[in-house]
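Values below: all heavy atoms of this structure, side chains included; hydrogens, waters and symmetry mates excluded. Counting starts at 1 for both ligands and their atoms, in listed order.
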Amino acid sequence: MSGVILSPQHPLSAGLTSDSRLVRAYRGERADTTPVWFMRQAGRSLPEYRDLRVGTRMLDACLDPAMASEITLQPVRRHGVDAGIFFSDIVVPLRLVGVDVEIQPGRGPVFTKGYADAAAVAELTAIDPARLDEASAPIAEAVALTIAELNRTPEAASTGGNAATPLIGFAGAPFTLAAYLAEGGPSKDHLAARTLMHADPGAWRALMEWTAELTGRFLRTQIVAGASAAQLFDSWAGALSLADYEAHVAPASARALSFVHDLEFETADGSGATRPVPVVHFGVGTGELLGAMKEVGVDVVGVDYRVPLDVAAERVGAGVPLQGNLDPALLAAPWPVLEAAVREVLAKGTVAPAHVFNLGHGVPPETDPTVLTRVVELVHEAGAS
Ligand code: CP3
């Protein structure tokens, strides 16, 4: 595929984030120390987040550029993490093209109906996913506001010689979105999606292809607007057998990523050399799928807390940078227990060519934020040796 070059003002092209700890690790290089960020770092564990969100519904907050940007920046300022993760949600692109979805506190995304048969899927796929491009102005604006701030974050000078902290864009993988769509809301086993996959493979394929294009466009918008890396969340792929994943899901994830694979940046050294934008792939309970998740076309694999990083390294194959994987439950354990667990994750991570420290899933809402700051300090100190 012939590449599309990101603008010279993009933080990667401008040389602001292209050699940051995070971006270096995502391309397999070890920097001065191990970079760290936390899934769900922007959100309910922070009192400043809860204050700002009073009276605003979740998806309205995501579509308010000033608010989304401020929430994205809060954990960067507070914890000194090596990346911001864009404050949004995997269902935002669905809302933007007119699908009726709300996020219920304590529950998750809820639709007015389930899309679990051919007729319902046909209704959904009648919407042209390209409509997202006109509708995503609030996303592009929120990203632009965020990187303008990140480009002048004082603590950014510490991120391994580069001037700015990178922003990570994200999207939901087609299966995880389809798991909510088919059910009409959250579920434990994602039965409706797994049934549709086999009961009506044609409708399933249509649903997955449509979702892939929509979510791929959402990711592309964030990168073009200034994100320096991207993470595809297939949170619920762990509900699938390897055979079902490979046959009915992986092709759609690859299709979603095809919407960003052509994006490249020119290195700031004037050589005219180009590099791709790094992409991470993460799911929960995906120990059996790690190899297949690498193969959909990503640079980095995110590992949940069930599989130690040295075992994960064997499963994804040599040369693949890993991200993860402290059990979030340990954030509430006494500090000596937590400290030992952090050091253990760092030690196992040395097996991979590069390691980005993270949790094995999102930050629990009741987490004491001062503990997260302390973990960042420990990772930076211990990861340097
Ligand atoms: O800090 C970050 O990681 C960035 C923001 C982010 C949110 N959602 C904000 C959010 C990201 C990356 C997501 C992705 C997302 N959303 C995923 C994939 C990641 C994962 O956790 O596996 C999934 C499965 C969703 C769907 C979703 N949205 C769920 C399951 C929930 C939780 C519902 C609840 O209240 O327990 C949401 C809501 C949501 N998304 C919140 C936040 C901060 C909580 C809403 C609130 O604060 O009121």
Side-chain angles (χ1 to χ4, degrees), residues 36-64 67-79 81 83-95 101-111 139 142-143 146 167-181 183-188 190 193 211 215 218-219 222 227 229-239 253 256 280-286 302-305 323-325 328 358-367 369 372:
V36 47
W37 67 277
F38 304 111
M39 292 186 278
R40 291 285 172 93
Q41 65 187 19
R44 287 173 299 184
S45 63
L46 299 185
E48 57 269 38
Y49 168 81
R50 293 193 294 264
D51 289 348
L52 197 61
R53 273 287 316 283
V54 171
T56 308
R57 284 183 305 180
M58 176 62 193
L59 290 178
D60 295 334
C62 295
L63 296 176
D64 175 336
M67 194 179 285
S69 170
E70 171 59 22
I71 296 171
T72 303
L73 293 163
Q74 285 175 344
V76 180
R77 292 194 198 108
R78 185 193 259 266
H79 302 308
V81 279
I85 173 96
F86 182 53
F87 180 79
S88 193
D89 195 82
I90 58 171
V91 298
V92 163
L94 292 163
R95 160 70 74 93
V101 56
E102 211 34 271
I103 290 184
Q104 285 184 7
R107 229 187 128 206
V110 177
F111 299 85
I139 303 305
V143 169
T146 307
L167 176 69
I168 302 171
F170 76 92
F175 175 75
T176 289
L177 283 169
Y180 287 109
L181 284 163
E183 203 80 37
S187 63
K188 259 212 163 73
H190 319 296
T211 310
T215 209
F218 180 55
L219 203 53
Q222 295 167 60
Q231 179 156 320
L232 190 68
F233 281 95
D234 209 349
S235 299
W236 311 139
S253 297
V280 187
H281 200 183
F282 169 79
V284 181
T286 48
V303 183
D304 95 336
Y305 56 88
Q323 178 171 283
N325 73 344
N358 206 312
L359 305 178
H361 198 187
V363 175
E366 53 286 348
T367 302
L372 292 175

For this session: Heavy-atom contacts with Phe87 under 4.0 Å: which atoms of ligand 1 show up? List them by number with element.
Result: 43 (C)
Exercise. Of the backbone atoms (N, CA, C, O) and the side-chain heavy atoms from C-beta on, which set of Pro109 has a member under 4.0 Å from an atom of ligand 1: side chain, backbone, both, or neither?
Worked result: side chain
Exercise. Of all the non-hydrogen atoms in the protein, which one sits nearest to atom 38 (C) of ligand 1, and at what distance?
Worked result: Ile103 CG2, 3.5 Å
Exercise. Nearest protein heavy atom to atom 11 (C) of ligand 1, by residue and atom, and its distance?
Worked result: Phe170 CZ, 3.5 Å
Exercise. Among protein heavy atoms, which lies nearest atom 7 (C) of ligand 1, and at what distance?
Worked result: Ser88 O, 3.1 Å
Exercise. What atoms of ligand 1 come closer than 4.0 angstrom to any heavy atom of Pro105?
Worked result: 35 (O)
Exercise. Is any N or O atom of Thr176, backbone or side chain, closer than 3.5 Å to an N or O atom of ligand 1?
Worked result: no
Problem set entry | Which segment of Arg107 sits under 4.0 Å of ligand 1 when only heavy atoms are counted | backbone
For this session: Could you tell me whether a side-chain N or O of Asn325 sits under 3.5 Å from a main-chain N or O of Asp304, the two making a donor and an acceptor?
Result: yes
Exercise. What do you reckon, does Ile85 have a nitrogen or oxygen under 3.5 Å from a nitrogen or oxygen of ligand 1?
Worked result: no
Seminar exercise, completed: Looking only at non-hydrogen atoms, the one of Arg50, His361, Arg57, Gln74 nearest atom 21 (O) of ligand 1 is His361
For this session: Please check if the side chain of Thr215 supplies one atom and the backbone of Thr211 the other of a donor-acceptor pair under 3.5 Å.
Result: no
Problem set entry | Electrostatic pair Glu102:Arg95 at N-O distance under 4.0 angstrom | yes
Exercise. For ligand 1, which part of Ala42 has a heavy atom less than 4.0 Å away: the side chain, the backbone, both, or neither?
Worked result: both
Exercise. Which atoms of ligand 1 are found less than 4.0 Å from any heavy atom of Gly106?
Worked result: 34 (C), 35 (O), 36 (O)
Exercise. Evaluating non-hydrogen atoms only, which member of Gln231, Arg40, Arg53, Met58 is closest to atom 32 (C) of ligand 1?
Worked result: Arg40
Exercise. Taking atom 44 (C) of ligand 1 as the point of reference, which of Gln104, Met39, Arg44 owns the nearest heavy atom?
Worked result: Arg44
For this session: Could you tell me whether Tyr180 approaches ligand 1 through its side chain, its backbone, both or neither, with non-hydrogen atoms closer than 4.0 Å?
Result: side chain
For this session: Give the residue and atom name of whichever protein heavy atom lies nearest to atom 23 (C) of ligand 1, and the separation in Å to one decimal.
Result: Ile90 CD1, 3.5 Å
Exercise. Identify the closest protein heavy atom to atom 22 (O) of ligand 1: which residue and atom is it, and at what distance?
Worked result: Ser235 OG, 2.4 Å
For this session: May I ask whether Gly362 places a heavy atom under 4.0 Å from ligand 1?
Result: no
For this session: Please confirm whether Phe170 and Phe86 have ring centers closer than 6.0 angstrom.
Result: no
Exercise. What is the nearest protein non-hydrogen atom to atom 40 (N) of ligand 1, stated with its residue, atom name and distance?
Worked result: Asp89 OD1, 2.9 Å
For this session: For the pair Glu183 and Lys188, find out whether any cationic side-chain nitrogen is under 4.0 Å from an anionic carboxylate oxygen.
Result: no
Exercise. Short question: side chain of Glu70, backbone of Met67 - any donor-acceptor pair under 3.5 Å?
Worked result: no
Exercise. What residue and heavy atom of the protein are closest to atom 19 (C) of ligand 1, and at what distance?
Worked result: Phe233 CD2, 3.3 Å
Problem set entry | contact_flag Phe282 ligand 1 heavy-atom lt 4.0 Å | no
Exercise. So is Phe86 in contact with ligand 1, going by heavy-atom distances below 4.0 Å?
Worked result: yes
Seminar exercise, completed: heavy-atom search around atom 47 (O) of ligand 1 in the protein gives Tyr49 OH, 2.6 Å
Problem set entry | Ser253 side chain to Ala173 backbone, donor-acceptor under 3.5 Å | no
Exercise. Salt bridge (Lys or Arg N to Asp or Glu O under 4.0 Å) between Glu48 and Arg53: does it pass, once the steps are laid out?
Worked result: CA-CA 9 Å; Glu48 57 269 38; Arg53 273 287 316 283; over 6 Å; no
Exercise. After noting the C-alpha distance and the side-chain angles of Thr146 and Ser69, does the key distance pass the side chain to side chain donor-acceptor pair (under 3.5 Å) rule?
Worked result: CA-CA 5 Å; Thr146 307; Ser69 170; 3.1 Å; yes
